[in-house]
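Have a look at the structure below, then the notes.
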Amino acid sequence: MIRFQGLNKWFGSALHVLKDINLDVAKGEVVVVCGPSGSGKSTLIRCVNGLEPFQEGKLVVDGTDLSAKNAALRELRMEVGFVFQQFNLYPHKTALENVTLAPIHVRGLSKAEATERGKALLAKVGLADRMNNYPSQLSGGQQQRVAIARSLCMQPKIMLFDEPTSALDPEMINEVLDVMVSLAKEGMTMMVVTHEMGFARKVAHRVVFMDQGAIVESGEPASFFGNPTHDRTRDFLSKVLHH
Amino acid sequence: MLGNLNIRVIADYFPALWQGFLNTLMLSGLGFAGAMILGIIACALTIQPLRWLRAPAIAYVDCIRATPLLAQLYFLYFGLPRLGILLPEIVIGIIALALNSGAYVAEIIRSGILAIPRGQFEASMSSGFTYLQRMRFIILPQAIRPTISPLIGQAIVLVKDSSLLSLISVVELARVGQQIALDRFMPVEGLAATAAGFLIIYYLLKALAGFWSRFDRVPGRS
């Protein structure tokens, strides 16, 4: 579904942010990407829907070759949902309008169809009673759940999450994670950048650890957490797990 | 000086002043409508990525902002006939006002768009909206709002600028004022009457700005 082959990216000429990335994500797989800040994990996930260009190597997502000059980015983005750390809801639209805008204008659904689908999804993320609220009237956790519903309403094949809980107050993290867990259990293909190791342990099929722009280690959660092979992974895990 | 203002002259000329007032309103209204259209187009071109579309829009904004309106007005007034384009003075005047204010409108709207957080562009891009859809549904509705007050400010400038059209013999408020000065040799009465007309329009626009700021509420924000 997602295949990185020898991908390299630089910011400017000096800053080598992604180094020789090779990674396959199969259909239905949930891959968690973790690592210290500045390790390139956000940049990596942003490459998948073309928000970040790259200079070398190959990246194929759902059959679309992103290294091609005229890659059909818009068509690809219709199939790839993206959830941001800062939610990025449209502040001038209600929760329901946020969710239905793209299905109506990008997918071409009728307003009635989109509304029906949007209401069902907002109910699914536990916001049936907040549909007509504007983002500023919602808590961070509620906003992020609207953002997830917004992506899902396009019925994407892949969902990308870029630190979806990092901007949230601690008591709101679980309401967002619960939605993500149920999504994973339904078989959605997901790439999740997160520090929530509990989530990784629970639902990830694979955990990828990045440091300084390179993938250092990857493995199933049991072996990744139980028995990490690299010093840097061990060091990182000791910092995020024991406090 | 104002104590012995000859009110009768102003009363005599009231029909002409009224006509001038209406003409100033009409010239300014059409000029500003044109400026909004030109400004939105120019702004859209300056912020889109294709260089060959961007360059002419930037050149337009720069040329207008760098030169006086009077020069632009004469340039059109004398230049267009040489290209074989013969238009009534009043049309040339409206075009000049629209071209002139359009550049400023473009910059005002651009500043509104640049103030929109990057995440809004990324989120709308990630949902698969086309460039035009992003602008229409997500960016412009948010960007226009904070630009309303500066746009009304620009409209006020344009109304005053329209007095320059008297120089290409378009009949508007300032022209009627000059007429009073020339016919009756009473420049103070003429100018006072003109100024009163401009003040009225200014207060109308100011009331509009006040009305806007009182009733403008970002949905969902108290």
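Quick caveat, the model's predicted, so the values are computed rather than measured. In what follows, chains are A, B, ... by sequence order, proteins preceding strands, each numbered from 1. No hydrogens, no waters, no symmetry mates; every other heavy atom, side chains included, goes into these values.
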Q | Distance flag, aromatic centroids of A:His105 and B:Phe129, threshold under 6.0 Å | A | no

Mark yes when over 12 heavy atoms from residues, nucleotides or ligands other than [X] sit less than 6.0 Å from its [atom1]; otherwise mark no.
X: A:Glu116; atom1: CD; answer: no
X: A:Lys124; atom1: NZ; answer: yes
X: B:Tyr202; atom1: OH; answer: no
X: B:Arg136; atom1: CZ; answer: no

List the atom pairs, donor and acceptor, that lie under 3.5 Å between side-chain atoms in residues 168-181 of chain A and the rest of the protein, sequence neighbours left out.
| unit_1 | atom_1 | unit_2 | atom_2 | d |
| --- | --- | --- | --- | --- |
| A:Glu175 | OE2 | A:Gln142 | N | 3.4 |
| A:Glu175 | OE2 | A:Arg145 | NE | 3.3 |
| A:Glu175 | OE2 | A:Arg145 | NH2 | 2.8 |

Original post:
Are the side chains of A:Arg77 and B:Ser127 in touch, meaning some heavy atoms are under 4.5 Å apart?
Top reply: no

Review point. Hey, does A:Leu101 have a side-chain heavy atom less than 4.5 Å from the side chain of B:Ile138?
Key: yes

Honestly, the part of B:Glu122 sitting under 4.5 Å from a heavy atom of chain A is both

* Asked: Given that the side chain runs from C-beta out, which part of A:Arg107 has a heavy atom under 4.5 Å from chain B: side chain, backbone, both or neither?
  ->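 When you check distances to chain B, no heavy atom of A:Arg107 falls under 4.5 Å.
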
- Portion of A:Val80 that has a non-hydrogen atom of chain B nearer than 4.5 angstrom: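 Contact with chain B involves the backbone of A:Val80 alone.
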
Pair count under 4.5 Å, heavy atoms only, with chain B: among A:Asn133, A:Leu160, A:Leu89, A:Val83, highest is A:Leu89

Of the non-hydrogen atoms in [X] and [Y], which two are nearest, and what is the gap between them?
X: B:Ser126; Y: A:Asn49; value: OG-ND2, 3.1 Å
X: A:Val106; Y: B:Gln133; value: CG2-OE1, 4.1 Å
X: B:Gln142; Y: A:Pro91; value: OE1-CG, 3.1 Å
X: A:Arg150; Y: B:Ala123; value: NH2-CB, 3.7 Å

A:Phe11 meets the side-chain contact (heavy atoms from CB on, under 4.5 Å) criterion, sequence neighbours left out, with A:Lys9, A:Leu15, A:Val17, A:Thr43, A:Glu52

CE (B:Met125) and CZ (A:Phe82) are apart, to the nearest 0.5 Å, by 11.5 Å

Just by modelled atom types, is the B:Phe137 backbone N or O under 3.5 Å from a matching donor or acceptor in the A:His92 side chain?
->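 Answer holds: yes.
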
